[in-house]
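This report refers to the structure that appears directly beneath it.
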Amino acid sequence: MASTSTSTSTIQKSFKYDVFLSFRGEDTRKNFVDHLYNALKQKGIETYKDDEKIRKGKTISDELIQAIEDSKFYIIVFSKNYVASSWCLDELVKIMECQKMTDQHTAYPVFLDVEPTEVRKQGGAVGAAFSKHENNESARIWREALKKAADLAGWELKNTLDGHEAKLVQKIVEEISLELHFINSGVDENLIGMETRINNVVSSLELGVDDVRMIGIKGMGGAGKTTLARAIYDHISYLFEGYSFVENVREKSTPSMSGLNLLQKQVLSDVLSDQGINVSGVLEGKSMLKKKMCGRKVLIVLDDVDKIEQLVALAGDGSWFKPGSRIIITTRDAQVLIAHKVNLIRDVHLLDDKEAISLFSRHAFGREIPVEGYKELSEQVVRYAAGLPLTIKVLGSFLCGKDDLDWKDSLERLKTIPLNETMKVLELSYIDLEEDYKEIFLDVACILKGWRKDKAVIVLESCGFRARIGLRVLEQKSLITISEYGTLRMHDHIEEMGKNIVRRVNPNNPERHSRLWIKEEIEDILANESGTQATKCIRLDPYADGLKFEILMNGLANMKELRFLHVSMEYVTEGEVSNWNFNEVSLHLPNALRFLRWDGYPFSSLPKTFQAKNLVGLEMTCGGMVQLWKDGEKKACLKLRFLKFTSSHYLRTLDLSVAPNLETLILEECYNLVEVHFQVTPNLKELHIYKCDSLEKLHMPAECPKLINLDLSNLKLRTLHLGITPILEKLSLCECTDIVELHMPAECPKLVNLNLYNLKLRTLHLGITPNLEKLILWDCTNMVELRMPAECPKLVTFDLYNLKLRTFHLGITPNLETLTLAACTDMVELHITAECPKLETLHLNDNAKLRTLDLGLSPNLQWFFRNCYDLEEINAPAECLEKLLYLRFSDCGRFTSFEFDKELDSPEVVSLSELHLIADDTGICDPGNTWPEFQFSCYYKEDPTSSFGNLERLISLGFGARINVDSFSDIICGLQCLRKLTLEGGIPEAPKNLDRLDCLEELSLRYTIIKNLPDSICMLEHLKSLEIEFCYDFDKLPEDIGRLECLEELRLISTKITNIPDSICMLKHLKSLEIKYCYYLDKLPEDIGRLECLENLTLKECLLLRDIPCSICELKNLKSLDLNSCVLVVKIPEEIGCLKCLKELNIKYTEIIRLPQSILGLKGLRIVGDRLLLELYGFTPKIQRFSDKRYETIDFMNLQRPKRSQCMKSYYNRLQLSNSTKNVVFRCRMRNLYEMKRLKCLELPHCIQVEKLPEEIGRLECLKELNILGYGLRGLRIIRDRWLLESCGLTPKRRRMSDEDSDFDNEMHLHYGRNEKNQGALRNDFDMLCILALHLTAGSCPLHTSFISGFNVLVSHQSIAHA
């Protein structure tokens, strides 16, 4: 058995009373307290007042004590004689005890005609009244209680709302209501998933807006509309002056109008808190509601409304109510809400799987999740419920406490017998339907669910129903939904309800059911030929259902009144058909059929016995049809309105003379169809022929007075005569690549959409088309002439692509919004002769010969794209560019590319603009112009709210007269509100009048040949960033650069600058100074320490820089100092330890050989530099390796400095000194070399200027290997014979240098090492080794005899070759 459990949680105590009133009766019972009591009651606040609540037979004292303990809030009304009553004082003591014991009680004092001080100190009138208790043993306790009560926050009449008692009562009630709401404001835990749904609806109510608003909540029965509305009501009702929740309006308002009477009375009574109201009739009720509701802000919920009359009687219109009022209406029928002009309609959403399983578990197990062993069964139940809360609750309660066998049995039963409680609720919506809408509903539930709406409309209209309005009614009543893809959807339970309605008429006689859909029932009826006239609709899939075709054919004959038949036999082969014992002659279809769809029809024509006099819709897919009737017989199909053939590959000709009333003809993928004959089809509305690749002849009627849509695609037609088509709205001819002639009527007064794609037309003459909205001509590559009407007043979209037009006259198009002319490579003239006030988007791409363009007649242009290589002139007045949001073109005039963007993508940029301009020197020189001829790439961004007029100036860069320094400066410096300017490329001179850019914040020069900046730059009061990058000729900053008071960042990269002006020290807001690869810079300003905000100072690869000013130690905010590759810098200031904020120091590739002692005080400092130097100072290494293994960075952190002797003696057994450029450096590093007692390997690669090894090297007793390879010792030669070294016990070894070793790539070396077998020879020839050491050549490094034994020498094999 499924066990149940309940979860416990700590919750607030539930009180019997919301408020307890403590007062002196003779002072206030009949005035203030009485008004307060009634006001609280009207708000629904349960209030205790002694003369109302004391029961007979109980002592007053006991009753009062219990009432005090059972109350949440206490209102103590202090009047002059309050303290005269010992009864009141005992009440007060008890109240203060309850408040002190627990935080669930709250007391509020009201000082009516006394002051808080009088109560606190028992002075004045209060003192006089209290004097009678002086000898009472309780006096002390009463005094303490009075003092504590007077100290509480409350209300004093004379200081509140000008002393108006009525207003004070209202204020007290409002605040108590608010407190109670906060206590109960949490959403009921039993309402699963309700919080989000409540918030969604409440946000739609916009409670802060002072208007009257009605909102509808729509959904199917049992979906939780009432639950949601009640939760919202409980959540927000405290905000209103009156409120009413009217349940079951549908049920209570029937069967007569007297029900509405009672509902009107309920609303009035609830809102006015007056149960004595009488309403004699509906009209009087409407009058009373209109009169009474307008005086107060109300919340009214009308639940389950189904008739407009109910809303008219209960909530006529917005004028009935005071601004701020809200009316919520729940219903299954959206039309009721629409007819009443409800402001907003919200659909109630069914539960998702997680919410559903939680709700079900609550009712089935008393917990949030299923108990062990019931999870899978619970999921089956939830799947059956399909998110419907009603079903979930009913099944959860029903299955609670039952064992798993009962569960399984119940689930099996639900497969055939629907849940009665759910069906009753859902069927209410069906009962309200008109009879024809009921039939439509049953057809959808049993047959058409999942069909596309447009196809379902054809079926239903074929069966004689007004399908469009019928489906709309079902949708409004929440019985069906239409998916985003246009398919009919229906909740599983509603579908089940519909099918149950069909079954229950004759539950045991399925042959008498009006619709058949169950496989077993269909098989039984057809096999036994027991079909009856009762069956109206049937869907067959013989092969899927396991039926034999012969049985199918014989069984259908008895269904005399069958109006809908859908047979699916797509996978029947010709071989199977040939084995059948019958054909279309022996096939009998009911003559009552109104719609026939047959997928895979096996015969060449319709059955001979079939009289299609009632047939309205016929669809044949993937069948063997050759012709409609056998042997050329022409049976009239006078009612046939819808005809569709799909993938009927045997169909060659189609004679439609037998269907004079045809309205819709669809032919798809009939690849062998050659000819279609119309005779007279006055009702033809839709003609679609798609992928009939062999169709050469289409004989259109001379008149098609009702033709609306003509869509032809992938045909072999050469000519098309439309004839008279006065109401044609859409004409589409696509991929009819052989069409050379299109004869359109002189007038197409209703034509809205014309689409011609990939035709061979040379000319197109459009007649009068006053309603044309969209015209698309694509890939008509032979078209040389297009005649447009003088006026196209409604044309919105005009798209021409890949035509042979040379000229184009647009004509009058006042509503044109999008114009595209693309790949018209022969076009030389575009005439826009009349204003296009609504033109927003203009595409002109790859119109190579277009030379001029006038935009003066398009004042609202927003989007403009073009790519016209020969375009020389653009007339673009400022007023026509004001609304432009986006402009892009390329290869026009002097512009390689131009992009203008006015779309806001950064909320930080307000009314400011950015320009990035790249100038490429074309190499063309004008003798009269000192400036070269440029091609520009321009990107300009602007805030959408601006109207600066900058765009017109920038466009002038690319067109008109050649640009010189003056015109360039005028254009750039004339830009308004420019925030950021980047100039890049071969610009030889900076704009002169930069001071005119008074909003400029960022200026960047990149790869220009500008040498200096004009002094006017120093006038830019808002400039924050100045970047000069890779301007290799730039050699001077303005002397007054210190006037840029707002400058925060200065970057100089790869310039020829030699010094920094002293005035830079005046930049009080400068945070970052970066100078990189400025090889000519030789000094910094001495007062650089005045840059009090500087955080980053980078001086990378400034090769001539020698000294770092001592004032740098005054930069209290400096965090990073980078001296990387400043090869002449030999020291850093001694007081660098004053830089307490310094976190990074880079001295890599400098000549710094010692660190100031003060640096050791900078905790957490990260240093990049020479490894040995930093390790000698106790910095801990952290190696960062890069993907290229030849490189690594060693970071040193100043953690804890060990003693130097400990470092030298204990840590090192290998020492590498690389790239030591001076002997003094080497001596410094080797001065304590003798202390390295454990040193086994000494490496000196790339030591360029090392002249000799120190004398102390002989004291390194453990030294086994010496490496003296590299640039500095590349002249080392051994001039004695090779055998000499070998005879001393040194064995030669060949090895190749790796890429990491040096520039000696792939150079062969000999590595001489000691040979133990030759120890004696080594000692005997010791003097010879001394001779060897003395014969090292120029720049030699003598090898001392003191360490020759037991070590290896690595020398260059290249030098040995000289021996």
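Sequence positions, counted from 1, serve as the residue numbers for this chain.
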(message) Taking Ile1075's backbone N and O only, do any of them form a donor-acceptor pair with Thr1098's side chain (distance below 3.5 Å, no angle check)?
(response) no
(message) For Glu1086, is there any backbone N or O sitting under 3.5 Å from a side-chain donor or acceptor partner on Ser1111?
(response) yes
(message) Check whether Arg953 reaches the backbone of Asp970 with its side chain - one donor and one acceptor, N or O, closer than 3.5 Å.
(response) yes
(message) Using every non-hydrogen atom in the two residues, find where Ile215 and Leu205 come nearest and quote the distance to one decimal.
(response) CG2-CD2, 3.4 Å
(request) Working to the nearest 0.5 Å, report the span between CG of Leu795 and SG of Cys836. (result) 9.5 Å
(request) Return yes if some donor-acceptor pair links the side-chain N/O of Asp1122 with the main-chain N/O of Asn1124 below 3.5 Å, else return no. (result) yes
(request) Determine whether Lys980 and Glu1001 make a side-chain contact, defined as any pair of heavy atoms from C-beta on separated by less than 4.5 Å. (result) no
(request) Could you tell me whether the side chain of Thr807 reaches within less than 4.5 Å of the side chain of Leu805, counting heavy atoms only? (result) no
(request) Indicate yes or no: does Lys1024 engage Glu1048 in a salt bridge with an N to O separation below 4.0 Å. (result) no
(message) Do Asn1096 and Ser1072 pair up side chain to side chain, a donor and an acceptor below 3.5 Å, judged on atom types alone?
(response) yes
(request) Kindly check if the number of other-residue, nucleotide or ligand heavy atoms within 6.0 Å of CD (Glu1045) is above 12? (result) no
(message) Let's go through Leu1050 and Ile1028 carefully: what are the C-alpha distance in whole Å and the side-chain angles of both, what is the deciding distance for side-chain contact (heavy atoms from CB on, under 4.5 Å) to 0.1 Å, and is it a yes or a no?
(response) CA-CA 8 Å; Leu1050 176 59; Ile1028 303 172; 5.7 Å; no
(request) Say whether Asp966 and Ser969, considering side chains only, have a donor N or O and an acceptor N or O under 3.5 Å apart. (result) no
(request) Hey, could you give me the CG/CG distance between Leu810 and Leu816, rounded to the nearest 0.5 Å? (result) 6.0 Å
(message) Does Tyr1007, at its OH atom, have more than 12 non-hydrogen atoms belonging to other residues, nucleotides or ligands within less than 6.0 Å?
(response) no
(request) Specify the closest pair of heavy atoms between Pro991 and Cys973, including all atoms of both residues, with the distance to one decimal. (result) CB-SG, 3.5 Å
(request) Drop me the distance from His843's NE2 to Leu821's CG, to the nearest 0.5 angstrom. (result) 10.5 Å
(request) State, without any angle test, whether Glu914 and Tyr939 hold a side-chain donor-acceptor pair at a distance under 3.5 Å. (result) no
(message) Testing the basics here: between Gly974 and Arg996, what is the closest heavy-atom pair and its distance to 0.1 Å?
(response) CA-NH2, 3.5 Å
(message) Give me the atom names and distance for the closest heavy-atom approach of Ser937 to Thr896.
(response) OG-CB, 3.7 Å
(request) State, with a plain yes or no, whether a side-chain heavy atom of Tyr1080 is found less than 4.5 Å away from one of Ile1057. (result) no
(request) Would you please classify the geometry between the Phe895 ring and the Phe898 ring as parallel, tilted or perpendicular, with 30° and 60° separating the classes? (result) perpendicular
(request) Kindly say whether Glu1101 contributes a backbone atom to a donor-acceptor pair with the side chain of Ser1125 at under 3.5 angstrom? (result) no
(message) Tell me if a side-chain donor or acceptor on Thr1008 pairs with a main-chain N or O of Leu1005 at a distance below 3.5 Å.
(response) no
(message) For a 4.5 angstrom cut-off between non-hydrogen side-chain atoms, does His916 reach Arg1006?
(response) yes
(request) Working to the nearest 0.5 Å, report the span between NZ of Lys1076 and CD1 of Ile1053. (result) 5.0 Å
(request) Verify side-chain contact (heavy atoms from CB on, under 4.5 Å) between Leu915 and Ile972, making sure each step is shown before the conclusion. (result) CA-CA 9 Å; Leu915 172 64; Ile972 298 301; 4.0 Å; yes
(message) Does any part of the side chain of Leu1094, heavy atoms only, come nearer than 4.5 Å to the side chain of Leu1067, both counted from C-beta?
(response) no
(request) Return yes if a side-chain donor-acceptor contact under 3.5 Å exists between Trp778 and Asp799, otherwise no. (result) yes
(message) Under the rule for ring-ring contact (aromatic ring centres under 6.0 Å, His included), what residues qualify as partners of Phe798, not counting sequence neighbours?
(response) Phe808
(request) Considering non-hydrogen atoms only, spot the tightest contact between Pro1014 and Ala990 and give its length. (result) CD-CB, 3.8 Å
(message) Main chain of Pro1109, side chain of Asp1107: is a donor-acceptor contact present, judged purely on distance under 3.5 Å?
(response) no
(request) List the steps and the verdict of salt bridge (Lys or Arg N to Asp or Glu O under 4.0 Å) for Glu206 and Arg213. (result) CA-CA 9 Å; Glu206 294 185 335; Arg213 188 162 302 189; 2.5 Å; yes
(request) Mind running side-chain contact (heavy atoms from CB on, under 4.5 Å) on Glu989 and Phe968 for me, showing each step along the way? (result) CA-CA 10 Å; Glu989 192 170 340; Phe968 180 76; over 6 Å; no
(request) In plain terms, say whether Lys1116 and Glu1114 are close enough for a salt bridge, that is, a side-chain N and a carboxylate O under 4.0 Å apart. (result) no
(request) Taking the side chain as every heavy atom from C-beta outward, state whether Val1129 and Ile1108 have any atom pair closer than 4.5 Å. (result) yes
(request) Examine distances only and state if a side-chain atom of His809 and a backbone atom of Leu830 form a donor-acceptor pair shorter than 3.5 Å. (result) no
(request) For Glu1029, check side chain to side chain donor-acceptor pair (under 3.5 Å) against everything at least two apart and list the hits. (result) Arg1051
(message) Regarding Asn950 and Tyr940, do their side chains bring together a donor and an acceptor under 3.5 Å, going by distance alone?
(response) yes
(message) Between Leu1121 and Leu1123, does the side-chain contact (heavy atoms from CB on, under 4.5 Å) criterion hold? Intermediate values first, please.
(response) CA-CA 7 Å; Leu1121 176 59; Leu1123 303 175; 4.1 Å; yes
(request) Look up atom CD1 in Ile987 and atom CD1 in Ile963, then write down how far apart they are to the nearest 0.5 Å. (result) 11.0 Å
(message) Looking only at the side chains, is there a donor atom on one of Lys794 and Asn771 sitting less than 3.5 Å from an acceptor on the other?
(response) yes
(message) I'd like to know if the side chain of Asn964 reaches the main chain of Ser967, judged simply by a donor and an acceptor atom lying under 3.5 Å from each other, with no hydrogens or angles considered.
(response) yes
(request) Answer yes if the side chains of Lys838 and Asn815 hold a donor-acceptor pair under 3.5 Å, and no otherwise. (result) yes
(request) List the atom of Cys1046, the atom of Glu1021, and the distance in Å for their closest heavy-atom pair. (result) SG-O, 3.0 Å
(message) Quick check against the 3.5 Å criterion: does Arg894 have a side-chain atom that pairs as donor or acceptor with the backbone of Leu957?
(response) yes
(request) Please indicate whether Lys1036 has more than 12 foreign heavy atoms, meaning atoms of other residues, nucleotides or ligands, lying under 6.0 Å from its NZ. (result) no
(message) Nearest 0.5 Å, please: how far is CG in Leu819 from CG in Leu800?
(response) 7.5 Å
(message) Looking at Glu1002 and Arg979, is any side-chain nitrogen of the basic one under 4.0 Å from a carboxylate oxygen of the acidic one?
(response) yes
(request) Side-chain contact test, heavy atoms from C-beta onward, threshold under 4.5 Å: evaluate it for Leu1145 versus Ile1147 and give yes or no. (result) yes
(message) Counting C-beta onward and ignoring hydrogens, is there a side-chain heavy-atom pair between Ile1064 and Pro1085 closer than 4.5 Å?
(response) yes
